[in-house]
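Hydrogens, waters and symmetry mates are skipped; everything else that's a heavy atom, side chains included, is used.
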Amino acid sequence: MKILKLPKEKLDLFASVVQQFGELHAPVEQDGRYVFKRLTRWSDARLEYDRTILPPKKYFLPPREALFRYRPGEGFVPNTDGLDQRIILFGVHACDVYAINILDRVFAGKYKDPYYQARRKNIAIIGIDCLPDKQCFCRSMRADFVDHGFDLFFYDTGDYYQALVGTALGDDMVLATGNLFEPVDAAEIDDYKRRSWNKRRAFQVDVEIRDLPEIFEMEYQSEIWDELGEKCLSCGSCSMVCPTCYCYDVADDVELGSRAGKRTRLWDSCLFASHALVGSGENFRGSRSSRIKYRFYHKQRGFVAEYGRPSCVGCGRCVSACPVHIDVVQVIDRLRRVEDVASR
Amino acid sequence: MSKPTVGIFGLTGCAGDQLVILNCEDQLLDLVSLIDIRDFLMASSENNQDCQLDLALVEGAVLSNRDAETLRAIRKRSKLLVALGTCAVWGGVAAMNRGADRDADRDALLEEVYGDIGRGYDSTPAQALHEVVPVDFNITGCPIEKEHFLAAVASLLNGDLPLYPEYPVCTECRMRENNCLLIERGLLCCGPITVGGCDARCPDLRVPCVGCRGPAGDANAGSLVAVMEEMGFSRPQLAARLRTFAPGGVA
């Protein structure tokens with residue numbers, strides 16, 4: 001991995017140069033919150049943002065997308081609209097890059113999703129380091145740092161951004177800027193280490209995930225699941241804003257007067273009453289408590305068994321998006337607590 | 001194959017759902033080439049009021065004995081009966097005070113509203129269609145979404161029933177990446193318990209959801225009310241909002 005530095009005052013220049021690699025998208029402000037959006041001017045970019053309402057997932061797995069058009073007797077024509085569009089996501093936080101790496105395992109691992117893969121190939125990622133706020137627990141989830149999944153990653157070290165070059169494309173971006181980037185020297189290395197240490201100490205939330213799948217296994221009958229079921233609105237907000245929730249539904253829009261149509265996929269959520277409803281009318285997770293329990297088990301236990309780590313990255317979005325204040329950190333804390341076990 | 005025969009009817013309501021059908025201007029010619037609309041008073045003065053129907057779409061709530069009779073007659077002559085719009089599906093605004101008002105003394109209520117001529121009016125507490133006759137499926141909304149009506153016709157022509165979202169407005173609101181009016185601005189937004197399918201039209205314009213489409217699948221009104229009470233809304237205030245379009249939600 002190549003490590004370079006970019007003087008902060010040259011960031012604007014860098015941004016204008018990298019536009020030759022794709023349309024520039026970055027966090028912009030929207031009524032006090034942030035959203036990733038196409039930039040009309042560089043000055044709209046807010047690189048000191050806390051978190052965007054929706055994660056960058058929306059670029060790789062859009063909320064709604066047409067998969068193909070079909071016509072009986074003629075077969076189907078896959079949708080390719082927008083798949084080859086080159087975009088640069090500027091200012092992606094480590095947890096969100098980590099989440100995209102998790103999505104890679106699902107959509108570009110054993111089962112290859114051509115739509116996801118095309119977008120992943122054509123969307124460049126320039127990451128930026130951040131400091132945790134009171135909802136961040138990415139460090140607990142081991143997602144506060146990423147070593148791959150980005151083209152470039154910027155660390156604010158005071159007067160400079162220290163840049164990790166992650167891919168050949170990232171290297172091309174650096175080269176395209178001529179001599180904007182400089183080699184790092186001892187002073188910046190110290191700045192980097194200091195920043196890394198400060199970041200580590202800035203976390204206000206800590207969750208222990210070691211042996212968590214085992215504790216989940218033991219607490220399958222815990223009353224906490226019924227309590228959460230009483231509270232949960234099944235509104236799906238947590239799933240929509242989650243950077244690693246990848247469930248989708250598939251539906252056909254039939255043309256009027258024919259059997260031809262368009263197949264669309266759209267984000268789904270395991271909290272919806274219809275999520276585990278099958279054709280016979282049977283619903284495998286008919287109660288809210290069984291659904292919210294499933295969400296926790298999938299993230300913190302099932303995914304660990306399948307992929308070796310929780311699918312939660314600790315971004316804190318679900319905590320702020322829940323209208324009834326269901327907080328994943330509190331739930332895990334409670335499950336780990338001994339008194340709850342004893343009081344049963 | 002002969003075209004399926006269709007009737008479109010309105011009981012007591014604003015006729016807005018029937019208007020949505022007439023507003024499908026780009027599809028109207030296709031529609032009439034595919035289905036045989038025999039009885040549609042709002043669109044035609046020449047109707048066959050007795051023929052058998054393959055499909056009846058009925059808007060409005062049942063507010064009188066006359067409405068109930070009309071509905072029973074429609075049910076009798078049609079293979080499929082579809083409730084069109086929130087009033088037909090849930091009772092709607094006419095039913096907002098049902099159970100809480102003075103149903104028992106209907107005559108006194110009528111006199112209060114209409115004066116001396118009120119007594120003897122044919123008026124019954126508002127009912128949704130399914131409370132009077134069996135309904136095959138619902139297209140909810142105030143008014144319905146044009147796309148949902150067209151999807152219903154397209155699916156039925158293929159022998160399928162249409163599928164509509166059961167998830168709440170929040171889902172689509174989040175998909176559109178709106179700031180949350182409930183959490184961030186403390187507004188009384190019914191998005192979490194109101195069925196989606198409207199693409200969060202109102203919250204997208206920063207207007208809180210009033211619940212016009214009726215409850216979402218497995219809506220947890222109790223939990224939302226508890227949180228809204230913590231936010232400082234009073235129970236009567238919440239009950240009034242939650243009952244506006246679907247009676248009996250919470251009281």
Side-chain angles (χ1 to χ4, degrees), chain A residues 29-37 52-55 58 62-64 72 228-242 249 251-261 266-269 271-275 277 283 285-288 291 317 319-326, chain B residues 3 24 26-27 29-31 33-35 147 150-160 162-185 189 191-196 199 206 216-228 230-231:
Chain A
E29 202 185 322
Q30 174 185 293
D31 296 338
R33 301 283 310 273
Y34 300 94
V35 296
F36 270 103
K37 224 177 180 174
T52 50
I53 299 177
L54 287 182
K58 67 177 180 177
R64 274 196 191 92
L228 290 175
E230 292 283 306
K231 257 180 121 175
C232 176
L233 301 172
S234 298
C235 71
S237 288
C238 51
S239 305
M240 302 300 118
V241 303
C242 176
D249 197 3
D252 289 348
D253 296 322
V254 190
E255 263 176 28
L256 201 55
S258 85
R259 295 199 75 91
L266 64 156
W267 288 355
D268 201 349
S269 165
L271 277 337
F272 296 159
S274 59
H275 189 74
L277 178 68
N283 195 337
R285 276 188 280 277
S287 73
R288 273 196 303 272
R291 295 198 294 272
R317 283 189 182 88
V319 180
S320 45
C322 181
V324 291
H325 320 303
I326 293 174
Chain B
K3 293 194 274 184
C24 297
D26 294 338
Q27 295 86 11
L29 290 178
D30 287 335
L31 274 174
S33 73
L34 293 163
I35 57 175
E147 294 73 19
L150 293 168
V153 176
S155 299
L156 288 173
L157 285 168
N158 288 335
D160 300 324
L163 276 175
Y164 299 119
E166 283 181 33
Y167 54 69
V169 171
C170 289
T171 307
E172 287 166 343
C173 197
R174 290 286 176 189
M175 284 183 184
R176 298 187 74 167
E177 210 166 5
N178 290 317
N179 292 51
C180 182
L181 297 175
L182 173 70
I183 300 171
E184 290 168 38
R185 291 179 57 188
C189 183
I193 53 167
T194 303
V195 72
D199 214 12
R206 298 178 200 182
D218 209 7
N220 191 352
S223 177
L224 184 65
V225 165
V227 161
M228 285 176 161
E230 280 170 29
M231 287 166 66

Trainee: Could you report the tightest heavy-atom contact between B:Met175 and A:Leu54, atom names first, then the distance?
Mentor: O-CD1, 3.7 Å
Trainee: Side chain of B:Thr171, backbone of A:Cys235: donor and acceptor closer than 3.5 Å?
Mentor: yes
Trainee: Contact part of A:Ser258 toward chain B, heavy-atom cut-off under 4.5 Å: side chain, backbone, both or neither?
Mentor: backbone
Trainee: Examine whether an atom of A:Val241 lies under 4.5 Å from a heavy atom of chain B, and if so say whether it belongs to the side chain, the backbone or both; otherwise answer neither.
Mentor: side chain
Trainee: Given that the side chain runs from C-beta out, which part of A:Glu230 has a heavy atom under 4.5 Å from chain B: side chain, backbone, both or neither?
Mentor: backbone
Trainee: Nearest heavy-atom pair of A:Ile53 and B:Arg174: which atoms, and what distance?
Mentor: CG2-NH1, 3.9 Å
Trainee: Ignoring hydrogens and geometry, is there a side-chain-to-backbone donor-acceptor pair from B:Asn179 to A:Gln30 under 3.5 Å?
Mentor: yes
Trainee: Below 4.5 Å from any heavy atom of chain B, which atoms of A:Ala251 appear? Answer side chain, backbone, both or neither.
Mentor: neither
Trainee: Side chain, backbone, both or neither: which part of A:Ser320 has a non-hydrogen atom closer than 4.5 Å to chain B?
Mentor: backbone
Trainee: Pick from A:Arg259, A:Arg64, A:Met240, A:Lys231: which one has the most heavy-atom pairs with chain B under 4.5 Å?
Mentor: A:Arg259
Trainee: With a 4.5 angstrom heavy-atom cut-off, is it the side chain or the backbone of A:Arg291 that approaches chain B, or both, or neither?
Mentor: side chain
Trainee: Any idea which heavy atoms bring A:Val324 and B:Ser223 closest together, and the distance?
Mentor: CG1-OG, 3.4 Å
Trainee: Which answer fits A:His325, side chain, backbone, both or neither, if we ask what part of it has an atom under 4.5 Å from a heavy atom of chain B?
Mentor: side chain
